[in-house]
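Have a look at the structure below before the remarks.
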Amino acid sequence: MSDSVRPGTNVMPTVPNSARIWNYAQGGQDNYQVDRELGDVMMGDFPEIKTAAMESRAFQERVADHVVREFGIRQLLDLGTGIPTGSGTHGMAQKVAPESRVVYVDNDPVVLNHASALRSSPEGRIHYFQQDFRDVEAVLEGVSTTLNLDEPVALLVLSTLGHFPPAEAADLVASYTSRFVSGSYLAVCDTIETPGVLRMQEHYVQADPEGAYLARAPEQIADCARGLALLPPGLRPLPELVLPAGTTAPAGAEDCVQWGFLAVKP
């Protein structure tokens with residue numbers, strides 16, 4: 001990939017970008033030299049972050065498959081999607097049920113530049129909505145052209161809430177789930193505070209004080225499920241969640257610094 005400015009955006013490749021760094025950690029190619037340099041520093045100081053990024057992507061794919069296959073969900077809303085890698089939410093959902101409808105929401109112009117590559121099954125629909133998802137009313141109005149909010153929705157908020165203070169993040173998620181009907185689902189994951197994560201975070205803060213991604217305590221992640229019922233096994237490291245039938249978490253799963261949950265609205 002060239003390190004020139006991408007057409008259609010005003011993003012210069014001189015400041016690290018969280019979406020591109022996460023893409024780099026997941027093995028993607030949509031990043032600039034400045035992102036790779038900071039990513040290498042972060043992963044050199046805390047190599048577990050690469051595993052965490054890969055586990056986040058795997059959790060996204062398992063959740064999309066699970067809610068469609070096991071719960072009959074046909075509408076998925078992915079907030080703060082980041083740069084698509086792998087099969088993505090739509091790929092897994094439409095593989096199980098081609099008629100599934102998926103909306104991605106992000107406000108990063110870097111992500112917008114990749115949205116044109118998204119392809120839906122003929123039976124379903126994919127929509128990318130460029131919007132800051134803190135503007136709940138604007139998002140819900142925008143996605144209503146694709147999703148029927150009078151029917152259950154699966155909301156995915158994965159590895160993105162660290163851009164907000166913990167209390168604000170929980171309130172923001174609740175602003176969405178309070179608008180969804182009974183039988184809707186919520187999947188959340190994020191990076192927990194550990195000594196290694198906090199060292200890595202300091203590199204991020206120094207490189208981009210305004211855009212730094214902040215880890216949080218497990219209970220702050222769990223707070224995003226207010227008013228919902230956590231599904232077993234509750235808030236856990238990602239390798240332990242939404243596992244295919246007959247499988248168990250791999251050895252060392254408890255060491256993953258990405259934790260999350262799947263919950264249902266009663």
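Scope of the values below: all heavy atoms of this structure, side chains included, with no hydrogens, waters or symmetry mates.
- Salt-bridge check for D223 with R216: failed, with every basic side-chain N at 4.0 Å or more from each acidic carboxylate O.
- For the 3.5 Å distance criterion, the side chains of T191 and Q258 qualify, holding a donor opposite an acceptor.
- Closest approach of N148 and Q75 over heavy atoms only: N-OE1, 2.5 Å.
- Side-chain contact check for Q60 and R57: no donor-acceptor pair (N or O, by modelled atom type) lies under 3.5 Å.
- Side-chain contact check for T89 and D78: at least one donor-acceptor pair (N or O, by modelled atom type) lies under 3.5 Å.
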Given the rule in the salt bridge (charged side-chain N to carboxylate O under 4.0 Å, His left out) test, do E137 and R179 qualify, once you have shown the distances and angles that lead to the verdict? CA-CA 10 Å; E137 296 302 324; R179 302 284 291 273; 2.6 Å; yes
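- At least one donor-acceptor pair closer than 3.5 Å links the side chain of S178 to the backbone N or O of A174.
- Judged by distance alone, with hydrogens and angles left aside, the side-chain atoms of D132 form no donor-acceptor pair with the main-chain N or O of D135 at under 3.5 Å.
- With hydrogens and angles disregarded, a donor-acceptor distance shorter than 3.5 Å links the side chain of Q130 to the backbone of N107.
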As a quick check of understanding, evaluate salt bridge (charged side-chain N to carboxylate O under 4.0 Å, His left out) for R134 and D171, giving each step before the final call. CA-CA 10 Å; R134 288 175 294 185; D171 289 343; over 6 Å; no
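- Look at E99 and R74 and you find a salt bridge, because one of the NZ, NE, NH1 or NH2 atoms lies within 4.0 Å of a carboxylate O, short of that distance.
- Aromatic pair Y104/F133: centroids not less than 6.0 angstrom apart.
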